[in-house]
Amino acid sequence: METSQAPLTDAEIARSASRGAVSSISRTGAVLVLQTASSLVVARILEPRSYGVFGLALTLVGSVRYLGDLGVTYRLAVLRRVDDEDLRRGLTIGLTTAMVGALLISSIWQVLPLVQSGPPGSRYVAPVIALTLVINSPAGPATAVLYRRLAFRTVATGSLLSSLGLFVVQIPLLFAGLGIWALVVAYVASTVINVSYLLIAAHGLPMPALRGVSMSFIRLSLPYQAPLIAQAVVGLIVSVLVASLLGAKGVGLLSWSPILATPILSVVLTLEAIAAPSLARMLRDDGNQYHQATQVVLLTLAALAATAAGAYIGLVPSIVRLIFGVRWLPAAGAVQMALAGVVPMSLVLGCASIVSSQDRPGARIKSSLAAGAAAGAFTVPLTLAAGVTGAATVAYVICPIVEVLVLAPHAHARLGHLALRIARVALPLAALSLALERGVASPAYLAAAVLIAAVAGTGVLAIAERELVRSLWRQIRPRPSASR
């Protein structure tokens, strides 16, 4: 397997990253259409209590999935040279943590009170979903290989096929009356599709082997995974506390509340996944335009998040009532908090891509620990004071703000400058969406309001960030041929 690549200039890397971003976002858009259609069906068929059981199972499995291969594949994405032995070690560690985690989750799940009072068959939900930990273990090394080749479109295609598989399996099973098990079976199927595609695209991986796996090897890699582990702990803390205070319905509403924020975060995560290896490649190969590129990354992520969140945050009550159903109206405030939180989260992801490209994972550990402390301190009082909205405020707003305050100095991010740029995009759009909300009385009026907000958001972003749009366009457009 190839261990290194020919050096590229910063301009070539930026061009490859920009084109990969456009292609990846187009595929992400298709994914979001499928996810939205699926979410509509789920919201109309499943009750919050059933969704709460599924959401808690995903939280538990996600907390173990974040352990992954203890950071080996994240480290592989920024190392100058990688060989088959590194991939073997990463795959071995990933398989081991997956098997141990699956057994641990299956045991803990059986004694949770929320499971005992859940719908029929709830006790088997987490054990079946936990199987995806083992199935998904080769995905990390395969993705690292593809990112080192700057094959961003390939990874995005895998996500598209996975979402398509989830949609094709889940919707018929929901209409067939399988309830929560429609979600479980579809989740397993989508994981199999994604892993299979990534392995084929990466031309396979070497077989796992214990040889060479040592504590020193793990110690060098673990800092790359530690922030994700800390984030999983934060999510687990919030979910468990909400479950104890508000029950299965409360967990269901909280798990569902990012329904409108997820499409925005999906685009931001797509760009962040491209930015980190691209910036790392710049430092390895050239580096002359590295600082300028980091500022473009931060501003791009923040501007996109602020535009989307501002355009729709005021319309949330009507969207929830008219599209998803009145049973989800108690989560409307939490949905708004999740939308507001995509702005600080975009800054967290931007700063994270910068410090990761510099091979400085320690900064992420500090920020994630600070977020965990904030979750522990604020979840109970705010949940008691404001219910699901209070819990969402902690998880989606307070924790990301704490993280970005810790990360910004390490990424040399000028938060004051970024805050002004965000405010001049988000505040006018939020005021417009609040005004539009007052006139929404039917689905037709809502569709018109959403269209107006989308057009206004595009216009405000284009006007407020003219230089950013022109800079990105220069990278995306085809270069004139030498003959000209």
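Bear in mind the structure is a predicted one, so any value in this text is a computation, not a measurement.
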What residues form a side-chain contact (heavy atoms from CB on, under 4.5 Å) with Leu246, not counting sequence neighbours?
Val242, Thr383, Val388
Could you check if a side-chain atom of Arg421 sits within less than 4.5 angstrom of a side-chain atom of Leu299, using non-hydrogen atoms only?
yes
Between Ala306 and Ala426, what is the shortest heavy-atom contact and its length?
O-CB, 3.8 Å
Please step through ring-ring contact (aromatic ring centres under 6.0 Å, His included) for the pair Tyr124 and Trp109, ending with a clear verdict.
CA-CA 9 Å; Tyr124 301 109; Trp109 184 256; over 10 Å; no
Could you tell me whether the side chain of Val268 reaches within less than 4.5 Å of the side chain of Val342, counting heavy atoms only?
no
Verdict with reasoning, Leu60 to Leu112, per side-chain contact (heavy atoms from CB on, under 4.5 Å):
CA-CA 12 Å; Leu60 286 172; Leu112 294 178; 4.1 Å; yes
Within the 4.5 Å heavy-atom criterion, are Ile129 and Val188 side-chain neighbours or not?
no
Exam field: side chain Thr379 to backbone Gly376, donor-acceptor pair closer than 3.5 Å:
no
Distance in Å, Leu183 CG paired with Phe54 CZ, rounded so as to fall on 0.5 Å steps
4.5 Å
Which pair of non-hydrogen atoms, one from Gly179 and one from Leu174, has the smallest distance, and what is that distance?
O-CD2, 3.7 Å
How far apart are the C-alpha atoms of Leu405 and Leu415, what are their side-chain angles, what is the distance that settles it, and do they pass the side-chain contact (heavy atoms from CB on, under 4.5 Å) test?
CA-CA 8 Å; Leu405 290 175; Leu415 288 183; 3.9 Å; yes
Would you give the length of the straight line joining atom CG of Leu407 to atom CD1 of Ile354, rounded to the nearest 0.5 angstrom?
9.5 Å
Do Ser255 side-chain atoms and Gly252 backbone N/O form a donor-acceptor pair below 3.5 Å?
no
Given side chains that start at C-beta, do those of Cys351 and Leu298 come closer than 4.5 Å, heavy atoms only?
yes
What's the shortest heavy-atom distance between Ser433 and Ala430, and which atoms?
OG-O, 2.9 Å
What's the spacing between Ile93 CD1 and Ser137 OG if we round to 0.5 Å?
12.0 Å
Could you note down all residue pairs passing side chain to side chain donor-acceptor pair (under 3.5 Å) where residues 322-342 supplies at least one of them, sequence neighbours left out?
none
Could you give the distance from CD1 (Ile264) to CG (Leu339), rounded to the nearest 0.5 Å?
5.0 Å
Should Glu403 and Pro344 count as side-chain neighbours, where that means a heavy-atom distance under 4.5 Å?
no
Show your working on side-chain contact (heavy atoms from CB on, under 4.5 Å) between Leu347 and Leu301 and close with a plain yes or no.
CA-CA 7 Å; Leu347 293 176; Leu301 298 183; over 6 Å; no
Where do Ala374 and Val394 come nearest, in terms of heavy atoms and distance?
O-CG1, 4.4 Å
Ser190 and Phe167: CA distance, side-chain angles, deciding distance, side-chain contact (heavy atoms from CB on, under 4.5 Å) verdict
CA-CA 9 Å; Ser190 67; Phe167 182 81; over 6 Å; no
Looking only at non-hydrogen atoms, find the nearest pair between Ala102 and Ala130 and report the distance.
CB-O, 3.8 Å
Here the pair of heavy atoms bringing Ala371 nearest to Val402 is N-CG1, 3.9 Å
What's the separation between atom CD1 in Ile135 and atom CG in Asn194, rounded to the nearest 0.5 Å?
11.5 Å
What's the spacing between Tyr312 OH and Leu429 CG if we round to 0.5 Å?
9.5 Å
